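What follows is a single structure, written as structure tokens, with notes after it.
In each ligand, atom 1 is the first atom listed, and ligand 1 is the first ligand listed. These figures come from a predicted structure and were not determined experimentally.
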Amino acid sequence: MTADGELLGFLDSERDRQVDFLQRFARIDTANPPGDTRQAADLVRAFLDKEGIAHRTEAPKADNPNIIASFEGGKGPGRHLVLNGHLDVFPVGDRAAWQRDPWSGDIADGRLHGRGTVDMKCGTTAMLFVFAYLHRLRAELPGRVTLTVVSEEETGGKWGTGWLIENCAAEVLGDCVLNSEPSGVATVRFGEKSMVWLRFTIAVKGGHSAYPHTGGSAIKVAAALIQDLPAIESMMPDEPDTVRRTLDRPEVQKAVDQSLGAGAAGVLRRVSVNIGTIQGGVKINMLPPECVLEVDFRLPVGISRAAVLARVADIAKRHPGTRFEELLPGGPEANVSDPTHEMMGHLLRRAGALLDAPPQPIVSLGGTDTRFWRAMSVPAFVYGCSPAGMGGIDESVSIAEFHHVLRVHALAAVDYLAAARPK
Ligand SMILES: [Zn+2]
């Protein structure tokens, strides 16, 4: 039997086992904060043990374990494929608003319920099974496959993927990364926007409102600044050619709007500026001496943090008494992999064969751990279930999509590894 045929056998004959694992995973509270993932890590390790797969735990913070497992294929050297998923999930929020226990793992109407089932217990479970099935087929595959199941993704990844990339690079970098964060089955994501958060403080002399000639108004200055900042939205991104050509295609723009909401195609490729908070003034008859604004900038691929900060500095200079500081200094840049990379082709073809129409390659508005690999020039691609309900009340995932995502990743992984086999 071919590797494909055997793989399809595992995928189909173990559907109940796949759902059972996802259900048990969904029943473990891994809300972050606090982000204690030890019990979920036990579940993953028990699964790997049962499959006879060696693994190792790297826990720079004891309650944030990261699991690495890796094997060599039996057909000689080839490509090194890395699979990535995270254990932690968003907090529950208002528990009273949930119809079911957020950790119920209940199955109803083809959906599995629980906090984090969408982001990303469904995807992480899919990667675990993909890894186990590839391991069973290892005698027929060239190259190497590495699984990274990490913690602390929801709070930045410093102790999770970020730590592994910094401290275990030889093992976890690889040649290409598959990640199954929720993307919606109609899109494959090859890049993501970044964010810059700034706090502006405007300080002027102030005084009595009957004597406006004696001191300025920080709120007036803030109002003028608020008028000027959106000029940054007209900055033109310098996108790599392959990215520009991909995102220019009308069918891709349509997919962006469908996947991210109407109007998203316009937002995706420019800076967006949100004045999130404003605080100022002391009393109705006082000239306000201080006003503080917090502003969230989202940067597209092809516009650097430094370029935005320079434009902001230019604008701030024109407004007396204004200074600003970064709230998330040293954050990631918008990042992108080549949308014409071979792996993209495998994902689009394998998913397209199972759907009415092939998915489209797009860039994501939100961030994932794939940025750590992209920062090291390792191509990384995201394909997962629908993001609908992610992080919301009554989160639940479609079981059919879970099986679909698992299948697409498994088949694309075999395509990618087998393509390096000497003819
Ligand atoms: Zn996630």
Side-chain angles (χ1 to χ4, degrees), residues 22 25-26 28-37 40-41 43-44 64-67 82-93 102-103 112-130 147-165 172 177-185 187-195 259-260 298 328 331-332 334-335 337 362-375 380-398 401-402 405-406 408-409:
L22 176 57
F25 190 8
I28 300 172
D29 177 349
T30 59
N32 185 8
D36 184 341
T37 51
L43 183 72
V44 170
N64 290 176
N66 305 298
I67 300 165
V82 177
L83 311 175
N84 171 251
H86 64 82
L87 296 168
D88 57 325
V89 303
F90 277 119
V92 165
W103 312 109
L112 201 148
H113 290 258
R115 163 56 83 232
T117 48
V118 171
D119 180 8
M120 64 173 286
K121 285 179 171 174
C122 151
T124 302
T125 301
M127 285 317 190
L128 187 59
F129 277 88
V130 169
L147 174 73
T148 57
V149 175
V150 302
S151 296
E152 218 257 321
E153 193 273 346
E154 302 290 4
T155 40
K158 184 179 169 203
W159 302 105
T161 295
W163 196 90
L164 291 183
I165 297 265
V172 305
V177 176
L178 285 175
N179 170 294
S180 47
E181 288 270 21
S183 66
V185 297
T187 68
V188 178
R189 302 190 176 178
F190 62 91
E192 55 199 35
K193 291 183 85 172
S194 66
M195 61 191 188
S259 157
L260 305 174
R298 299 295 169 125
L328 304 168
N335 55 87
S337 300
I362 73 165
V363 168
S364 166
L365 295 178
T368 71
D369 273 355
T370 55
R371 69 175 184 275
F372 290 106
W373 278 280
R374 295 198 189 109
F381 300 95
V382 176
Y383 187 67
C385 66
S386 164
M390 168 173 74
I393 302 299
D394 296 331
E395 184 173 343
S396 72
V397 71
S398 152
E401 282 192 8
F402 164 55
V405 166
L406 203 171
V408 170
H409 278 290

- [ ] Check for a donor-acceptor pair, side chain of Ser194 on one end and backbone N or O of Ala334 on the other, with a separation under 3.5 Å.
- [x] yes
- [ ] Sort by chain and number the protein N/O/S atoms that are closer than 2.8 Å to the Zn ion (ligand 1), and list them.
- [x] His86 NE2, Asp119 OD1, Glu181 OE1, Glu181 OE2
Task: Donor + acceptor pair across side chains of Ser151, Asp88 (<3.5 Å) - done: no
Open item on the list: Just so I know, are the side chains of Val382 and Ser364 near enough to count as touching, which here means a heavy-atom distance under 4.5 Å?
Closed with: no
Open item on the list: Once rounded to the nearest 0.5 Å, what's the spacing between atom CD of Glu154 and atom CZ of Phe90?
Closed with: 4.5 Å
Open item on the list: Please list all pairs meeting salt bridge (charged side-chain N to carboxylate O under 4.0 Å, His left out) that have one or both residues in residues 364-375, counting only residues at least two apart or in different chains.
Closed with: Glu192-Arg374
Task: Inter-residue atom distance His86.NE2 - Thr148.OG1, 0.5 Å rounding - done: 11.5 Å
